[in-house]
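Have a look at the structure below, then the notes.
The model shown is predicted, which means the values in this text are computed figures rather than measured ones. All heavy atoms count here, side chains included; hydrogens, waters and symmetry mates do not. In what follows, every chain begins at residue 1, and chains take the letters A, B, ... in the order their sequences are listed.
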There are 4 protein chains.
Amino acid sequence: MARSVRSTPPVAPVLPPSAASNGTRSRILAAGLELFAERGYHATSIRDMAAAADMQSASLYSHFPSKEAILAELVLLGHEEHHQRVLSAMLDAGPDPRDQLVAIVRVHVLTHAEFPMLGVVANYERHNLSPTAAAPVLAIRRRSEALLHEVLERGVRAGVFQLLHEDATSRAIATMGVSVATWWPERADGMEAAELADAYCALALRMVGAA
Amino acid sequence: MARSVRSTPPVAPVLPPSAASNGTRSRILAAGLELFAERGYHATSIRDMAAAADMQSASLYSHFPSKEAILAELVLLGHEEHHQRVLSAMLDAGPDPRDQLVAIVRVHVLTHAEFPMLGVVANYERHNLSPTAAAPVLAIRRRSEALLHEVLERGVRAGVFQLLHEDATSRAIATMGVSVATWWPERADGMEAAELADAYCALALRMVGAA
Amino acid sequence: MARSVRSTPPVAPVLPPSAASNGTRSRILAAGLELFAERGYHATSIRDMAAAADMQSASLYSHFPSKEAILAELVLLGHEEHHQRVLSAMLDAGPDPRDQLVAIVRVHVLTHAEFPMLGVVANYERHNLSPTAAAPVLAIRRRSEALLHEVLERGVRAGVFQLLHEDATSRAIATMGVSVATWWPERADGMEAAELADAYCALALRMVGAA
Amino acid sequence: MARSVRSTPPVAPVLPPSAASNGTRSRILAAGLELFAERGYHATSIRDMAAAADMQSASLYSHFPSKEAILAELVLLGHEEHHQRVLSAMLDAGPDPRDQLVAIVRVHVLTHAEFPMLGVVANYERHNLSPTAAAPVLAIRRRSEALLHEVLERGVRAGVFQLLHEDATSRAIATMGVSVATWWPERADGMEAAELADAYCALALRMVGAA
DNA sequence: TATGAATGAGTCTTCATTCAT
DNA sequence: AATGAATGAAGACTCATTCAT
């Protein structure tokens with residue numbers, strides 16, 4: 001039986017399925033995502049986005065009330081997609097804190113490898129949101145952080161994790177996953193996403209003293 | 001006699017001594033640093049910077065030829081200061097790869113804890129530089145990366161490090177230090193910089209399988 | 001039957017029919033023409049032009065990509081209108097070089113008398129164009145110059161012209177026509193355009209030794 | 001005895017002797033002349049002129065009270081030099097109107113050939129002067145025009161000139177001399193100034209019907 | 001005499017947004 | 001749903017000029 005030589009697409013999809021494919025709106029979101037990720041929110045003009053979506057700038061306002069609304073939707077979408085995947089992975093993992101940690105890190109890394117632009121925008125461009133638009137995003141972030149915290153705490157209580165410093169450890173684990181969005185799409189070798197995730201999972205186990 | 005409970009100032013200095021204290025120029029740099037770190041390069045206007053430096057916007061041009069030149073100087077300065085500190089720490093460390101890794105991580109973390117705004121600007125705002133302005137910065141980055149790479153390689157050859165994946169490991173170590181600039185200044189507890197550095201050094205040793 | 005005493009309007013039209021009357025665009029062109037002719041390109045601000053066209057300065061950019069583009073259009077338009085008139089006059093003239101010279105000079109003078117501002121802008125402000133914008137203009141100028149040259153050459157070969165110096169003569173003929181744009185609109189007496197043209201035609205015939 | 005092969009210098013002097021050679025002031029005037037002639041008054045900044053004169057812009061104000069004062073001095077200087085030369089040539093000519101016309105045209109052409117930049121600035125940039133600064137210039141212009149007018153009138157009264165139209169003729173004669181400043185420095189052939197002047201003198205005689 | 005720094009007004013152009021069509 | 005034209009505010013930058021040194 002012929003095996004496919006390539007297991008990941010050469011170019012990652014821009015938007016997750018939950019947001020893709022429904023016409024003009026998603027064309028605008030895709031345009032915004034690419035440009036915000038590449039140049040940043042303030043370096044991208046409404047006209048740039050319109051051009052990338054093959055329309056006039058005024059037409060954007062038939063779909064979004066403002067430039068900020070487009071960023072807000074992208075940032076929220078990135079957080080929702082991520083949180084839902086992490087949550088789902090946790091539910092599939094058994095009760096062992098080690099399995100739970102691995103589940104979190106794997107899906108965390110894979111999501112950032114699959115949607116690097118969304119990772120960049122959600123993490124680095126979210127600071128351009130007004131407090132109002134940022135609020136629901138922060139809520140999700142806190143839930144995600146709490147989830148990792150919970151797993152670490154349970155591992156400590158179960159005696160399988162020996163943390164050096166809770167805060168530093170959890171920040172390090174979270175950060176190294178996010179950074180994947182930045183460097184992995186530009187990697188020189190042909191490293192696969194699954195291979196990458198394996199490495200980070202093992203790394204995480206070492207960081208919590210469980211390997 | 002009462003001992004001071006806090007050994008580091010509550011607010012870190014903005015610029016390293018190498019750039020501070022020489023008049024108008026450094027006042028402009030300090031203004032740019034604060035604003036670029038807080039809002040980002042494109043969200044900061046030349047008038048904002050002038051106001052923060054208590055002068056008219058046109059007066060900036062007596063000291064810098066363009067807005068980009070201010071960013072370029074800050075980014076370069078951040079990289080130079082960082083690289084020089086890392087280099088100096090390496091020279092003070094003994095020949096043991098473990099000591100060398102600890103030396104690198106400690107100074108890496110401490111630098112980002114002491115100059116968090118410079119860390120943010122140097123790492124996140126440098127993408128707003130033109131290729132010409134970015135070139136010398138990239139050269140320094142490559143040297144710093146090579147240094148960490150060298151230490152890891154030597155540790156592996158000496159049999160004291162068991163790396164899971166060289167690239168992933170080095171990226172994770174570098175990233176977790178940089179992220180300090182982001183979260184540590186806003187920490188809730190009264191964590192000291194030295195304590196933070198200790199934790200990250202131990203974490204790094206675990207990551208390379210040497211703890 | 002009563003003859004009208006005045007055959008030309010007291011104030012010449014600003015733009016030739018080929019460019020006039022089509023809405024906002026030509027209102028901007030007319031504003032630019034008047035101001036460029038009166039004050040010069042660099043002494044005219046985009047705001048001055050907007051005010052003269054009764055709009056905001058930003059609105060100009062819905063119709064022209066830059067200030068230079070407005071000048072470029074005016075200069076090109078002036079050259080095109082002029083060249084087409086000269087060409088048309090030549091075609092109506094018989095084969096006699098004297099008739100041809102008179103035809104050229106008459107239309108040359110009349111055009112500058114009818115559209116003096118366009119003459120001033122096309123001839124004196126064209127130096128403010130970038131090489132790219134100036135190229136098509138230069139092409140037309142060369143064609144016009146070649147036409148006069150051709151007529152003079154033919155007259156010499158036919159023995160009806162005795163030139164003192166070809167280059168000096170053709171420059172003098174061309175220049176005296178262009179200068180009409182400058183002094184004729186401010187003439188003290190009530191000199192008619194037709195009368196003016198008659199004088200210049202006779203003058204030209206003398207200059208080539210054919211009178 | 002060796003004859004000089006070249007009767008005119010390859011590059012015409014910038015300023016006439018009356019203004020040259022007295023230090024910083026004339027260095028500034030020379031810089032202004034070159035730049036005003038090349039780019040125009042409004043396209044030349046005070047900093048451009050300072051750079052061309054190898055000094056700081058603020059230093060110009062030790063020698064001239066304003067940018068306009070530099071233009072005013074150049075324009076006045078050009079007119080004075082020109083008028084004095086024309087006057088002197090007239091005094092050397094005999095009483096014959098033909099000789100007088102030739103004398104005027106010759107010196108008119110030669111002056112513009114020798115100081116083309118001064119000719120350009122005096123004739124085309126003088127419109128950028130305020131009425132106050134323009135007044136003495138206009139006075140000289142009127143005297144020069146009156147002089148030509150006088151010669152033409154005398155020739156008519158003496159029956160040696162048959163004018164077609166006084167105003168048109170005098171404008172044409174004056175204009176063709178001024179235009180020399182524009183085209184002659186860029187001539188393709190190696191035409192000498194004396195040769196040029198001869199041609200224009202003969203042309204003028206034809207124009208007045210005296211050849 | 002010369003200058004570096006400073007300034008307020010101005011430059012052209014782009015911005016996000018609105019609105020009538 | 002889409003657009004061309006319009007706008008007021010703002011963008012980075014340059015202007016001619018001033019002044020203390």
Side-chain angles (χ1 to χ4, degrees), chain A residues 23-25 27-28 41-51 53-71, chain B residues 23-25 27-28 41-50 53-71 128, chain C residues 23-25 27-28 41-50 53-71, chain D residues 23-25 27-28 32 41-51 53-71:
Chain A
T24 309
R25 246 186 91 86
R27 237 172 59 230
I28 296 172
Y41 177 71
H42 279 110
T44 301
S45 81
I46 218 82
R47 279 177 172 84
D48 292 333
M49 298 175 53
D54 204 38
M55 50 196 325
Q56 294 303 117
S57 63
S59 310
L60 294 181
Y61 291 84
S62 297
H63 301 270
F64 293 91
S66 68
K67 185 186 174 190
E68 195 198 12
I70 300 178
L71 175 62
Chain B
T24 309
R25 243 187 95 87
R27 237 171 60 230
I28 296 172
Y41 177 71
H42 282 292
T44 301
S45 83
I46 218 80
R47 278 182 178 85
D48 293 334
M49 298 176 53
D54 201 38
M55 52 197 325
Q56 296 300 116
S57 64
S59 308
L60 293 182
Y61 291 85
S62 294
H63 301 273
F64 294 91
S66 68
K67 185 187 173 188
E68 194 200 11
I70 300 178
L71 175 62
N128 296 118
Chain C
T24 309
R25 244 187 92 87
R27 236 172 59 229
I28 296 172
Y41 177 71
H42 283 293
T44 301
S45 83
I46 218 82
R47 279 180 178 86
D48 293 334
M49 297 175 55
D54 202 38
M55 52 196 326
Q56 295 300 115
S57 64
S59 309
L60 293 182
Y61 290 84
S62 293
H63 302 273
F64 294 90
S66 67
K67 185 187 173 189
E68 194 199 11
I70 300 178
L71 175 61
Chain D
T24 308
R25 246 187 91 86
R27 238 173 58 231
I28 295 171
Y41 177 71
H42 282 292
T44 301
S45 81
I46 217 84
R47 279 176 171 84
D48 292 333
M49 297 175 52
D54 203 38
M55 51 196 326
Q56 295 303 117
S57 62
S59 310
L60 295 182
Y61 290 85
S62 298
H63 300 270
F64 293 91
S66 68
K67 185 187 173 189
E68 195 199 12
I70 300 178
L71 175 62

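Atoms CD (E68(A)) and C1' (dC15(E)) sit 16 Å apart, rounded to a whole Å. Here dT11(E) presents its P atom at 13 Å from NE2 of H42(C), a figure rounded to the nearest Å. Residue D48(B) contributes atom CG, which lies 12 Å from atom C1' of dA12(F) at whole-angstrom precision. Atom pair Y61(D):OH and dT18(F):C1' shows a separation of 9 Å (rounding to whole Å applied). When the C1' atom of dA10(F) is taken as reference, atom CD1 of I46(A) falls 16 Å away, rounded to whole Å. Between M49(A) atom CE and dT14(E) atom P the separation is 19 Å, expressed in whole Å. One atom, CD1 of I70(B), and another, P of dA12(F), lie 10 Å apart when rounded to the nearest Å. When rounded to the nearest whole Å, the span between CZ of F64(B) and P of dT14(F) equals 16 Å.
The shortest side-chain heavy-atom distance between T24(B) and R27(B) falls under the 4.5 Å cut-off.
In this structure E68(B) satisfies the side chain to side chain donor-acceptor pair (under 3.5 Å) test together with S130(B), sequence neighbours excluded. With sequence neighbours left out, A50(C) forms a side chain to side chain contact (heavy atoms under 4.5 Å, CB included) with M55(C), S57(C), L60(C). Residues passing the side chain to side chain donor-acceptor pair (under 3.5 Å) test with H63(A): none are found, sequence neighbours excluded. Every residue two or more places apart in sequence or in another chain was checked for a side chain to side chain donor-acceptor pair (under 3.5 Å) with S59(A), and none qualifies. In this view, A43(D) and H42(C), R39(D) satisfy the side chain to side chain contact (heavy atoms under 4.5 Å, CB included) rule, not counting sequence neighbours. Under the side chain to side chain donor-acceptor pair (under 3.5 Å) criterion, R47(A) pairs with no residue, sequence neighbours left out.
Stem analysis of DNA chain E (at least three stacked-register Watson-Crick or G-U pairs, each with both distances under 3.5 Å) gives E:2-21 with F:2-21.
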Protein-to-nucleotide contact annotation, 5' to 3' order, nucleotides 5-10 of chain E [B base; S sugar-phosphate only; - none; under 4.0 Å, heavy atom]: SBBB-B
